[in-house]
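Encoded as structure tokens, the structure appears first; notes follow it.
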Amino acid sequence: MAGEAAGGVVLIVAAALGLIMANSPLAESYFGALEAHIGPLSVLHWINDGLMALFFLLVGLEVKRELLDGQLSRWPRRILPGLAAAGGMLAPALIYLVFNRSHPEAQAGWAIPTATDIAFTLGVLALLGRRVPVSLKIFVTALAILDDLGAVLIIALFYSADLSLPWLGAAGGVLAVLVAMNILGVTRLAPYLVLGAGLWVCVLQSGVHATIAGVALAMTIPRAPSPRRPDEADSPLHRLEHALAMPVAFLIVPIFGFANAGVSLAGLTSEALLSPITLGVALGLFVGKQVGVFGATFLAVKLRLVDRPEGATWAQVWGVAILCGIGFTMSLFIGLLAFAGQPLFEAEVKIGVLGGSLLSTILGAVVLRLARSEPHPAASGGPLRRS
């Protein structure tokens with residue numbers, strides 16, 4: 001968690017630098033470098049389709065680990081973050097569609113404000129220190145992991161186009177070999193990574209977004225330890241996750257932020273600031289996320305389905321619900337898929353994501369700084385209240 005939080009701070013700096021570069025005398029060089037081609041793809045495509053596949057590989061590994069032996073390993077632990085994640089995806093999507101109900105060409109972006117950026121959010125929580133109970137940090141982490149899983153499914157189901165059956169068949173064949181290796185007890189990472197590279201090429205050519213290959217590969221990495229190394233912490237899954245954590249947090253995601261946060265504000269008009277896409281994304285993140293996450297959490301506790309996170313007040317729960325409106329990485333990523341090749345729409349998405357994420361960061365931090373912690377049972381003379 002500490003590494004992700006520190007990575008979130010680096011991401012904030014990288015995104016700010018990208019925005020500065022796009023609005024400085026170096027803007028032409030900045031955009032020119034991103035559009036330069038290396039082989040068949042531009043630098044920007046290598047970042048978004050190549051490097052981000054490693055980000056999604058790490059996401060897949062984290063999801064698998066949490067579901068098998070982590071915070072989401074048992075159904076009682078899944079209920080609250082699961083309901084909060086569902087509410088936090090549904091409400092923003094509805095708000096976006098309301099703003100774009102008269103604009104069919106913009107409705108493809110409905111999923112943009114549904115995502116929470118785990119690194120960015122944990123980075124803000126890290127800066128707030130002890131003002132946020134540990135139980136809430138765990139809650140946000142679990143919620144964001146399920147949120148990421150939802151985003152992956154959305155990308156696979158709704159943002160794939162011009163599917164190639166031969167390449168899909170080839171990808172399925174490679175995936176079948178990877179699954180067979182897992183079943184047969186292959187624990188060396190090298191064969192998985194070599195075949196994973198082939199899977200990425202097949203998925204890239206198939207019409208499904210290439211980053212999905214990262215998640216698919218993660219699901220085949222064994223969690224069971226090697227017979228020669230009985231310690232589960234040394235299993236292929238844990239070793240690969242550990243190896244990827246630092247490069248993804250401090251290199252890959254900041255590079256993505258630097259490359260994609262850059263939007264030129266020159267000649268920015270009120271029309272662009274108040275466009276349905278901009279408002280739908282910004283308010284979907286800022287309003288939709290807090291309404292969806294807090295509303296689902298409040299209802300679940302009041303209906304006695306779950307307990308409120310231990311030691312947390314409702315004000316603190318509201319504060320972290322607001323922070324869930326920091327969409328950034330995944331929101332930008334979905335926006336680029338939804339409006340590929342439409343520069344005006346892409347610019348409006350970036351303005352909306354930056355605006356909604358900034359508002360969520362500021363208000364969420366203020367609420368959490370002002371919120372009082374739950375009194376200790378010994379000090380209040382009784383146990384913590386359920387609601």
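All values derive from a computational prediction rather than experimental measurement.
- Between L44 and A259, the shortest heavy-atom distance links the atoms CD1-CB, 3.9 Å.
- With S206 contributing its side chain and L163 its backbone, the two residues share no donor-acceptor pair below 3.5 Å.
- Here the CG atom belonging to L337 is positioned 13.5 Å from the CZ atom belonging to F158, to the nearest 0.5 angstrom.
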Under the side chain to side chain contact (heavy atoms under 4.5 Å, CB included) criterion, do L323 and I326 qualify, and how do the steps go? CA-CA 6 Å; L323 289 183; I326 304 174; 4.1 Å; yes
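- When atom types are taken as modelled, the side chain of T116 and the backbone of C324 share a donor-acceptor pair closer than 3.5 angstrom.
- Counting heavy atoms from C-beta outward, F55 and T211 have side chains that stay 4.5 Å or more apart.
- Between M330 and D147, every side-chain heavy-atom pair lies at or beyond the 4.5 Å cut-off.
- There is no path of hydrophobic side-chain contacts, each under 4.5 Å, that joins L90 to L303.
- A distance of 13.5 Å separates CG in L285 from CD1 in I322, rounded to the nearest 0.5 Å.
- Within the 4.5 Å cutoff, the side chain of E241 has heavy atoms near those of the E62 side chain.
- A338 and G109 make their closest contact through CB-CA, 4.0 Å (heavy atoms, listed as atom of the first residue, atom of the second, distance).
- N182 places a side-chain heavy atom less than 4.5 Å from the side chain of Y192.
- In the hydrophobic clustering of ILVMFWY residues, with side-chain heavy atoms under 4.5 Å counting as a link, F56 and L51 come out together.
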From CA spacing to verdict: side chain to side chain contact (heavy atoms under 4.5 Å, CB included), L358, L354: CA-CA 6 Å; L358 182 60; L354 291 173; over 6 Å; no
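- Residues V320 and L125 have side chains in contact (heavy-atom distance under 4.5 Å, counting atoms from C-beta outward).
- Taking the side chain as every heavy atom from C-beta outward, L305 and L299 never approach each other to under 4.5 Å.
- In this structure, F339 and E105 approach most closely via the heavy-atom pair CE2-O, 3.7 Å.
- Checked options L41, L332, V43, N260; the residue passing with N48 is N260 (criterion: side-chain contact (heavy atoms from CB on, under 4.5 Å)).
- Remark: the backbone N or O of P276 is paired with a side-chain donor or acceptor of N100 at under 3.5 angstrom.
- Checked by atom type and distance alone, the side chain of R223 never pairs as donor or acceptor with a backbone atom of L237 at under 3.5 Å.
- Within a 6.0 Å radius of NE2 in H242, other residues, nucleotides and ligands contribute 12 heavy atoms or fewer.
- Here L273 contributes atom CG and I351 contributes atom CD1; the two are 5.5 Å apart, rounded to the nearest 0.5 Å.
- Proximity of E35 to S42: side-chain heavy atoms (C-beta onward) are nowhere separated by under 4.5 Å.
- Connection of I277 to L274 is established within a shared hydrophobic cluster, with ILVMFWY side chains joined at heavy-atom distances below 4.5 Å, either directly or through further cluster members.
- Classification of the F333-F256 ring pair by plane angle, with boundaries at 30° and 60°, yields tilted.
- In this structure, W200 contributes its side chain and A53 its backbone to no donor-acceptor pair below 3.5 Å.
- Residues V248 and L189 share a hydrophobic cluster, clusters being chains of Ile/Leu/Val/Met/Phe/Trp/Tyr side chains in contact below 4.5 Å.
- Remark: the backbone N or O of V134 is not paired with any side-chain donor or acceptor of E310 at under 3.5 angstrom.
- To the nearest 0.5 angstrom, L34 atom CG is 11.5 Å from H45 atom NE2.
- R101 places a side-chain N or O within donor-acceptor distance of the main-chain N or O of V98, the cut-off being under 3.5 Å.
- The six-membered or imidazole ring of F294 lies near that of W314, with a centre-to-centre distance under 6.0 Å.
- Between the NE2 atom of H238 and the CG atom of L61 there is a distance of 10.0 Å, given to the nearest 0.5 Å.
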Starting from the C-alpha separation in whole Å, work towards a yes-or-no answer on side chain to side chain contact (heavy atoms under 4.5 Å, CB included) for V306 and V301. CA-CA 5 Å; V306 293; V301 173; 4.1 Å; yes
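- Evaluated for a side-chain contact (heavy atoms from CB on, under 4.5 Å) with L368, the options V132, V124, L363 yield exactly one hit, V132.
- Follow the hydrophobic side-chain contacts under 4.5 Å out from V349 and you reach I47 in the same cluster.
- Of all heavy-atom pairs between P113 and K289, the closest is O-CE, 3.7 Å.
- The closest donor-acceptor contact from the side chain of D117 to the backbone of T329 lies under 3.5 Å.
- Summarising the geometry of A321 relative to V293, their closest heavy-atom pair is CB-CG1, 3.8 Å, with the distance given to 0.1 Å.
- Between the side chain of S357 and the backbone N or O of G327 there is at least one donor-acceptor pair closer than 3.5 Å.
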Where do W110 and I154 land on the side chain to side chain contact (heavy atoms under 4.5 Å, CB included) test, with the steps shown first? CA-CA 10 Å; W110 64 270; I154 287 172; 4.1 Å; yes
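- Residues T297 and L83 form no side-chain contact, since every pair of their non-hydrogen atoms from C-beta on lies 4.5 Å or further apart.
- In this structure, L136 CG and R308 CZ are separated by 9.5 Å, a value rounded to the nearest 0.5 Å.
- The minimum heavy-atom distance between L143 and P81, with the atom names listed, is N-CB, 3.8 Å.
- Without hydrogens or angle criteria, Y159 side chain to A108 main chain gives a donor-acceptor distance under 3.5 Å.
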